[in-house]
Each structure stands twice: as C-alpha cells, then as structure tokens.
Number of protein chains: 2
Amino acid sequence: MSTDDTAKEAIEVLQHLGLKEYEAKCFVGLSRVSSGTAKQLSEITDVPRTRIYDAIRVLEAQGLVEIQHSSPQQFRAVPVEEATETLRDQYEDRVERLQRALSRTEPVESNEEDRVQEVWSMSGTDAIANRANQLISNATEEVVLVLGDDSLLTDELVDSLNEVDPETELLIGAATESLESRVHRAVPNATTFVSGLEWLRNEGNVSENLAIGRLLLVDRSSILVSTIVPDTHEEQAIFGGGFRNGLVAISRRLLAQGLLPQHDPRPE
Amino acid sequence: MSTDDTAKEAIEVLQHLGLKEYEAKCFVGLSRVSSGTAKQLSEITDVPRTRIYDAIRVLEAQGLVEIQHSSPQQFRAVPVEEATETLRDQYEDRVERLQRALSRTEPVESNEEDRVQEVWSMSGTDAIANRANQLISNATEEVVLVLGDDSLLTDELVDSLNEVDPETELLIGAATESLESRVHRAVPNATTFVSGLEWLRNEGNVSENLAIGRLLLVDRSSILVSTIVPDTHEEQAIFGGGFRNGLVAISRRLLAQGLLPQHDPRPE
DNA sequence: GAACGTTGTGACTATGAGAGTGACAACAAT
DNA sequence: ATTGTTGTCACTCTCATAGTCACAACGTTC
C-alpha cells in the first residue's frame with residue numbers, strides 16, 4: 001500500500017521528467033523485479049502487454065532499460081543510481097545547449113525605457129530564491145533581509161551573504177530566536193535581530209491566508225517581498241526595482257517603523 | 001537568420017525540458033526584448049495574442065517570467081543564468097524525489113535466477129558511459145579497455161580508472177596515437193597501447209555502417225562493446241555478464257588475438 | 001507432429017491536451 | 001463619443017497517446 005503510493009509518486013515524477021505514462025510505469029515496474037518478460041511486466045504495471053514493447057524500446061533508447069534479445073525477451077531496469085545519473089547527464093546537456101542558444105540569440109532591438117516605477121511579480125521558491133541571491137550579490141551598500149521561515153536559509157543564500165563586499169552593511173532579521181542564532185553563526189558579518197513581522201501579521205490588510213516568507217531590501221533601491229500560501233506551500237513574490245519606485249519607498253518606511261523598535265516587548 | 005536558427009533550437013530544448021510550444025516561444029521571445037506587452041510578444045513569436053496570457057501565467061508559475069500588473073501588463077524574462085539555475089533546481093528536486101521513491105519501492109519478490117548466459121543491450125552514450133564507469137569501479141583484477149573515439153575519454157571515465165585498486169591491472173588501448181598519449185597522461189597507472197580494432201574494422205561480418213566505440217572487459221567476466229552509428233551519432237552497446245557467458249568467452253579470444261600483436265606493422 | 005498457450009507485430013479506435021480562431025466586454029486614449 | 005487596445009472565454013481542429021484487437025511466429029507439451 002505504501003509501496004503502491006511511492007510507486008505512484010515515482011511514476012508521476014518520471015512523467016514530469018518527460019516519460020509517457022506507459023514508459024514510466026514500465027520503468028518503475030522493472031525497478032522492482034530485477035528482470036522480467038513482457039507478460040510479467042504487464043501484470044505488475046497494468047500496461048497492456050502489447051504496448052510494453054513500444055515503451056521498453058523508448059526506455060532502452062534513453063538508457064534506462066536493458067534488453068536481452070532472447071525468446072522471450074527479458075527486460076531489466078538499469079540500477080537506480082545509474083538511471084538518475086543518466087537522467088542528470090541528459091538534463092545538463094539540455095540546459096547547457098539552452099544556455100548557449102539563448103545567449104547567442106539575445107541581441108535584438110530592445111526598448112530600454114528604463115522605467116523605474118515597476119513592480120514585478122514572480123512565483124516559485126526556486127526562482128525567488130535565485131532572484132534574491134542575485135540581488136544580494138549585486139549589493140554595494142546595504143542589505144536588509146528578514147526571513148519568516150527556517151527553510152529559507154539555504155546554503156546558497158548563506159554563500160551570497162558571505163560574498164558581499166565587507167563594506168556593505170548586513171542587517172538580517174529572523175522570525176524566531178533559533179533561526180536568528182543559526183543566521184548569526186552562518187553569517188558572522190551580519191547584524192542579526194529577532195523581529196517581527198508582527199506588524200505585517202497583525203495588519204488585516206492582506207488576506208489572512210498568507211504567511212510572510214522573506215523580505216529583502218538591497219541598497220534601498222530594490223525590494224523583494226514574498227509570501228507563502230500555507231495550504232499549497234507555494235511561494236509568491238513581488239519585486240520592485242528602481243530608486244524612486246513607490247513600492248520601495250513604502251517598504252523603506254515600513255522597515256524603518258518595523259525594525260528600529262527592535263525588541264517589541266509584546267510577547268505575541 | 002542564424003539568430004532564427006538558434007532561437008528555434010532554444011525553443012526545441014525548452015520543449016524537451018517540459019514546456020509547451022507557446023510557452024517555449026514566449027520565453028525565447030521575451031529573452032530578446034528585455035520586456036514587452038502581449039501584443040509585441042505575439043508579433044515576435046507568432047503565438048496568437050490571446051493565448052500569450054495563458055503561456056505567460058504558466059511561465060510565471062515556473063519562475064521563468066515576471067509580470068508587471070499594470071495596464072497593459074508588461075512581461076519580462078528572468079535573466080538566462082537565473083532561468084537555467086531555476087530549471088536545474090527543479091530538476092534536481094525531481095531526480096531526488098525519484099531516487100527516494102524508487103529506493104523505497106524496490107523490494108518486491110524477485111526471481112533471482114542468476115542466469116549467466118545473458119547478453120543485454122542498451123543505447124545512449126550517457127547510459128553506456130555510466131555503465132562502463134560502474135563496471136570499472138567494481139573491477140578487482142583486470143580492466144581491458146579500448147577506445148575507438150576521442151570523445152569517449154571523459155573526466156568521469158578517467159576518475160573511475162584512477163580509482164580502481166592499484167593491484168588491478170589496467171590495459172588501455174586507443175585508436176590513435178594522440179588519444180593514446182592523452183590516456184597515458186591521464187591514467188599513469190595504466191599500460192597503454194595503440195591498437196587496433198583493425199581486426200574489427202576489416203572483418204566484414206558487421207554492417208559496414210558501424211564504427212567501434214568502446215570495448216571493455218572487466219575481470220574477464222563482464223564485457224561491454226559499443227558501436228557508434230556514424231550518421232545519427234547514436235551509441236549502442238551490448239553488455240554481457242557472468243563468467244561462463246558465451247559473449248565473454250568470444251571476446252576474450254578476440255582480445256587475445258587482437259591485442260598481443262600490439263604493433264601491427266601494416267600502416268593502414 | 002498436433003494442439004495449445006505464449007510472444008511479438010501492426011493496425012485500429014477513442015480520448016484528451018494543446019494548437020489555433022473568434023466573440024466580446026472592459027479599458028485607455030484621443 | 002469614438003476608436004483602438006487589452007484581457008477573458010468559449011470554441012474548433014488536430015494529433016499524440018492511452019487502450020483494444022487480430023494474427024502470425026514461436027515454443028512447449030503430450
């Protein structure tokens with residue numbers, strides 16, 4: 001039963017990685033029997049026997065399955081580590097080709113109007129984290145960062161923080177004391193504090209169903225605020241660039257109010 | 001024109017990475033204009049204007065595009081490095097989940113009949129390379145390896161070779177002198193030679209259209225032979241395990257004949 | 001070697017996702 | 001007020017893929 005669930009998960013992941021349903025089922029099925037014939041596989045996987053052959057051929061071409069050309073044919077899945085390694089290789093290959101293709105295609109007339117009153121939105125923890133790290137890396141004067149959740153303190157983030165110019169002021173807040181001490185240890189250069197976000201939590205102006213994720217202000221000119229939807233655990237962010245940006249201005253004032261009284265004595 | 005081609009390539013790669021046609025086109029289009037509206041994008045990408053919105057939403061959810069919620073909306077692609085980094089993260093995530101799911105699901109009754117007269121086939125350079133490295137890593141007595149093409153001498157292969165037990169005998173042949181010297185430098189522990197494969201090339205028993213790729217014999221009990229189809233550049237391999245395996249026996253004899261007269265004086 | 005189940009191939013239908021199009025109300029700009 | 005733009009829906013068309021069937025080749029059994 002639990003095995004069934006993990007199997008189902010494995011199948012889904014494989015489909016996300018580009019395999020078709022039959023192919024995914026076949027691979028997962030094969031991963032549990034060391035070797036088998038089309039008929040056996042069909043019974044395990046609920047894939048019509050006559051379509052096993054197609055699926056296996058594709059898998060073989062991808063380097064995920066081996067075929068013994070006997071009669072009847074025997075199929076065997078490549079060991080897990082080998083399979084994932086192969087998938088990884090394929091993927092790296094593609095991303096690299098993408099990178100090259102894109103970088104060679106980029107130059108096109110652009111309407112650089114340099115608007116500064118912009119507010120952009122983005123989604124997805126990975127993308128947001130990358131953007132945050134990027135912003136931090138480009139900081140020259142000041143970084144103000146508030147983390148609302150332990151999981152956001154990733155190694156990459158720590159690296160970015162430790163790589164900024166020593167002249168740059170680092171102000172890092174955390175939602176809990178334990179998180180603050182972790183930050184303090186990881187980024188010795190930073191001034192850390194436990195604050196708050198109470199001022200955000202308590203204001204009823206945002207939908208109740210949002211948890212503050214991170215808050216980042218770089219050089220007082222770029223701001224990134226993310227929220228985490230508790231149910232789906234999805235992260236959403238808005239991101240403002242430019243000095244005279246309204247959002248940035250507001251955020252500066254919010255931070256000034258929220259951060260300076262660093263020890264709000266109200267115990268929650 | 002050439003920009004058009006690379007753009008097309010980028011689109012294809014993105015589709016392989018899981019994006020739909022419209023999404024891929026939108027992203028590539030956006031990668032060349034710094035920012036744009038739905039109408040502009042539609043003109044660049046040939047995607048129907050009314051469908052731009054769907055595509056962008058998906059891209060946004062994946063962290064590849066930012067949206068400025070003004071009127072009209074402005075769209076902007078995340079910088080290339082950020083995008084690829086995000087894609088990489090997503091992928092790593094999936095592969096890891098796959099690995100966990102698979103390893104937790106593997107235990108199922110298995111018919112370990114331990115046949116030794118097996119010959120398996122596999123395809124794909126990545127998969128074959130991984131299998132080869134795996135085999136080498138498990139070697140305890142002897143590794144005989146012949147490389148038919150420069151491109152097969154990868155860093156991973158070198159690592160595997162240098163990590164075998166020093167007691168293990170390493171015999172590595174190469175198709176050309178330059179390749180041999182590269183091998184010699186990379187794997188000092190190995191006895192290298194320039195041979196031959198003439199004995200394979202000249203025999204008309206295999207379809208003319210095959211170039212020998214690699215040939216690997218480990219501990220005289222496992223053999224891997226790969227061929228490269230010159231046109232498609234696809235690599236195919238057969239792999240035999242087990243001591244008494246017929247293929248292994250044949251290969252041993254072939255190698256004994258082919259390798260010992262190391263310097264076939266015939267100059268090609 | 002006759003009879004039966006198994007195996008592999010190819011061709012077929014059905015379904016659903018996604019490509020492509022159009023109608024239309026909300027909006028902005030003279 | 002008029003006109004073009006913008007965003008949303010609802011729709012059709014096409015094709016990949018899930019799912020089924022007929023059948024010939026093969027192997028196994030008695």
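Order of the sequence lines sets the chain letters (A, B, ...), proteins ahead of strands, with each chain counted from 1.
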| field | Residue from A:Glu82, A:Glu81, A:Glu85 passing salt bridge (charged side-chain N to carboxylate O under 4.0 Å, His left out) with B:Arg131 | value | A:Glu82
| In Å and rounded to the nearest 0.5 Å, what is the CG to CZ distance from B:Leu87 to A:Arg94? | 12.0 Å
Polar pairs (N or O, both sides) under 3.5 Å between protein and nucleotides 15-18 of chain D?
{"unit_1": "D:dT17", "atom_1": "OP1", "unit_2": "A:Lys20", "atom_2": "NZ", "d": "2.9"}
{"unit_1": "D:dA18", "atom_1": "OP1", "unit_2": "A:Glu21", "atom_2": "N", "d": "3.0"}

| task | Kindly write out the residues that satisfy salt bridge (charged side-chain N to carboxylate O under 4.0 Å, His left out) with B:Glu21, not counting sequence neighbours, or none if the list is empty. | result | B:Lys25
| Looking at A:Glu43 and A:Arg49, does any basic side-chain N land under 4.0 Å from a carboxylate oxygen? | no
| message | What does the B/S/- profile of nucleotides 22-30 of chain D look like, 5' to 3', with a 4.0 Å heavy-atom cutoff to protein? | response | -----S---
| Student check: side-chain heavy atoms of B:Phe27 and A:Leu102 closer than 4.5 Å | yes
| request: Over 60° means perpendicular and under 30° means parallel, so classify the ring planes of B:Tyr91 and A:Tyr91, tilted if in between. | output: parallel
| field | Residue list, side-chain hydrogen bond (donor to acceptor under 3.5 Å, both in side chains) with B:Gln73, at least two apart or on another chain | value | none
| task | In plain terms, say whether A:Glu235 and A:Arg214 are close enough for a salt bridge, that is, a side-chain N and a carboxylate O under 4.0 Å apart. | result | yes
| message | Taking salt bridge (charged side-chain N to carboxylate O under 4.0 Å, His left out) as the cut-off, I'd like each qualifying pair that reaches into residues 54-65 of chain A, sequence neighbours left out, listed once. | response | A:Arg51-A:Asp54
| query | If you walk 5' to 3' along DNA chain C, what is the first nucleotide with an atom under 4.0 Å of a heavy atom in chain A, and what is the last? | reply | C:dT6 to C:dG10
| query | Can you tell me if B:Glu12 uses its side chain to pair, donor with acceptor, with the backbone of B:Glu9 under 3.5 Å? | reply | no
| task | Identify whether any heavy atom of B:Pro48 sits under 4.0 Å from a base atom; if not, whether one sits that close to sugar-phosphate; answer base, sugar-phosphate or nothing. | result | base
| task | Figure out the CD1/C1' separation between B:Ile56 and D:dG7, and round it to whole Å. | result | 13 Å
| query | Taking CD from B:Gln40 and P from D:dT5, how many angstroms apart are they, rounded to a whole number? | reply | 12 Å
| Atom-pair distance (CD on B:Gln73; P on D:dG7), nearest Å | 5 Å
